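Input: a single structure, listed below in structure tokens.
This structure is a prediction, so every number in the text was calculated from the model and none was measured.
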Amino acid sequence: MTANRIPQTHNHYLALGADLDTGEAVTLDLDQHPHLLAAASTGGGVSSLLRRLAVQALADGATVTVIDPKRTSFENLDGLPGLTIGRSPAEIAEEIRLFHAEMMRRYTSGEQGPRRLLIVDELTQMRARINCGGHTELDAAVRLLRPVVLAGHSVGCHLAVDADLEALCWFGLGDRDVLTKVATVIMGRPSRQLLSRLGIDPALISTERGTGVLRLPGDKGRRLAIGYLADAELRALALGVVPS
């Protein structure tokens, strides 16, 4: 587990890419849409998108906690100021508990603190690990993601998670009350059940790598060309060397 801390600025926009139809830049306004669900088939590019979001948040002064059960998706970002990475089941459980505890402290005290982003990669993989048994603490910690979605936005705590619909439902994140609070990026070939639950027109889906559909609560979605950066560019962005 690695941890470094930096102070926060007040930029609440994260760049996602460009609208495929208009060419306009597409950003996620964390004040309006504080949480993000990213879903894709294997190799669909979700981890790359989450890495981009992590370094943008760092560049804007937020602190970022990354849950990386694959242990390799974020290794090239290790040591960046403001970034904490949990990889083992024990580290993952501890980092989620700490994030939730800070959110609840702010929520009950009414205190506003630096913006914080929790990125959870491979929630589906964690679900499979829990189903194999012996991970009671991990199971309990991951179930804290639902209250983060429900309460975190009011105190500057945000969640970006990679999961399919089955994993979301397993951990209590699949009901409509929760899904109406999150922005969604869909890539690859997600299940029709997930598209239906999110209200996304299947005709918008493309299998071309680097593309997806962004759906904000209340709309039907827009086609998106997702901006990716190489590892060196990601580190430079996080350190403020290059613009986002």
Side-chain angles (χ1 to χ4, degrees), residues 16 35-54 64-75 77 85-97 99-100 117-150 152 158-179 181-200 202 205-207 209-215 221 226 228:
L16 296 177
H35 309 297
L36 178 70
L37 161 65
S41 51
T42 301
V46 168
S47 294
S48 296
L49 172 62
L50 294 179
R51 284 195 294 271
R52 172 68 182 263
L53 296 180
V64 178
T65 299
V66 169
I67 303 304
D68 182 20
K70 288 192 295 189
R71 300 173 183 252
T72 58
S73 295
F74 291 81
E75 63 181 352
L77 303 183
I85 304 177
R87 296 185 174 95
S88 70
E91 290 176 354
I92 290 170
E94 177 67 7
E95 290 302 330
I96 293 175
R97 284 196 298 266
F99 189 95
H100 177 265
L117 174 63
L118 174 63
I119 291 178
V120 180
D121 198 14
E122 294 288 347
L123 181 58
T124 300
Q125 179 178 321
M126 284 194 285
R127 174 183 177 272
R129 181 175 293 175
I130 290 168
N131 283 345
C132 290
H135 294 289
T136 303
E137 289 190 3
L138 179 62
D139 185 9
V142 172
R143 292 181 188 276
L144 297 175
L145 297 180
R146 189 175 192 277
V148 169
V149 172
L150 295 175
H158 308 277
L159 173 69
V161 59
D162 163 27
D164 60 17
L165 181 59
E166 187 176 5
L168 291 173
C169 292
W170 175 264
F171 289 117
L173 294 174
D175 63 73
R176 291 189 183 276
D177 286 343
V178 172
L179 292 176
K181 298 180 183 296
V182 302
T184 308
V185 174
I186 301 294
M187 294 173 281
R189 288 190 177 276
S191 69
R192 286 190 172 270
Q193 184 183 11
L194 177 60
L195 295 177
S196 176
R197 181 70 68 92
L198 295 171
I200 294 176
I205 297 297
S206 169
T207 58
R209 182 170 175 81
T211 65
V213 174
L214 169 66
R215 175 204 170 270
I226 297 166
Y228 294 122

Could you check whether any side-chain heavy atom of Arg52 comes within less than 4.5 Å of a side-chain heavy atom of Ile226, counting everything from C-beta outward? no
Worked check of side chain to side chain contact (heavy atoms under 4.5 Å, CB included) between Leu144 and Phe99: CA-CA 9 Å; Leu144 297 175; Phe99 189 95; over 6 Å; no
Could you walk me through whether Glu166 and Thr124 pass side chain to side chain contact (heavy atoms under 4.5 Å, CB included), step by step? CA-CA 8 Å; Glu166 187 176 5; Thr124 300; over 6 Å; no
Can you tell me how far the CD atom of Glu122 sits from the NZ atom of Lys70, to the nearest 0.5 Å? 4.5 Å
For the CD1 atom of Ile96 and the CG atom of Leu138, what is their distance to the nearest 0.5 Å? 6.5 Å
So which heavy atom on Ile205 is nearest to which on Val213, and how close? CD1-CG2, 3.8 Å
Which residue is it: His100, Glu95, Glu94? I am looking for the one with a side chain to side chain donor-acceptor pair (under 3.5 Å) to Arg97. Glu94
Ser48 side chain to Arg51 side chain, donor-acceptor N/O pair below 3.5 angstrom: yes
Give a yes or no on whether Gln193 atom CD has more than 12 heavy-atom contacts from other residues, nucleotides or ligands under 6.0 Å away. no
Here the gap from Leu195 atom CG to Ile200 atom CD1, rounded to the nearest 0.5 Å, amounts to 5.5 Å
Quick one: does His35's side chain have a donor or acceptor within less than 3.5 Å of a partner on Val182's backbone? no
Taking atom OG1 of Thr65 and atom CG of Leu159, what is their separation to the nearest 0.5 Å? 11.0 Å
Flag, side chain of Glu91 to backbone of Arg87, donor-acceptor distance under 3.5 Å: yes
Nearest 0.5 Å, what's the CG-CG distance between Leu36 and Leu117? 9.0 Å
Go through the steps for Arg215 and Ile186 under the test side chain to side chain contact (heavy atoms under 4.5 Å, CB included), then give the verdict. CA-CA 8 Å; Arg215 175 204 170 270; Ile186 301 294; over 6 Å; no
For a side chain to side chain contact (heavy atoms under 4.5 Å, CB included) check, start with the C-alpha distance between Leu16 and Leu53, then their side-chain angles and the critical distance, and finish with the verdict. CA-CA 8 Å; Leu16 296 177; Leu53 296 180; 3.7 Å; yes
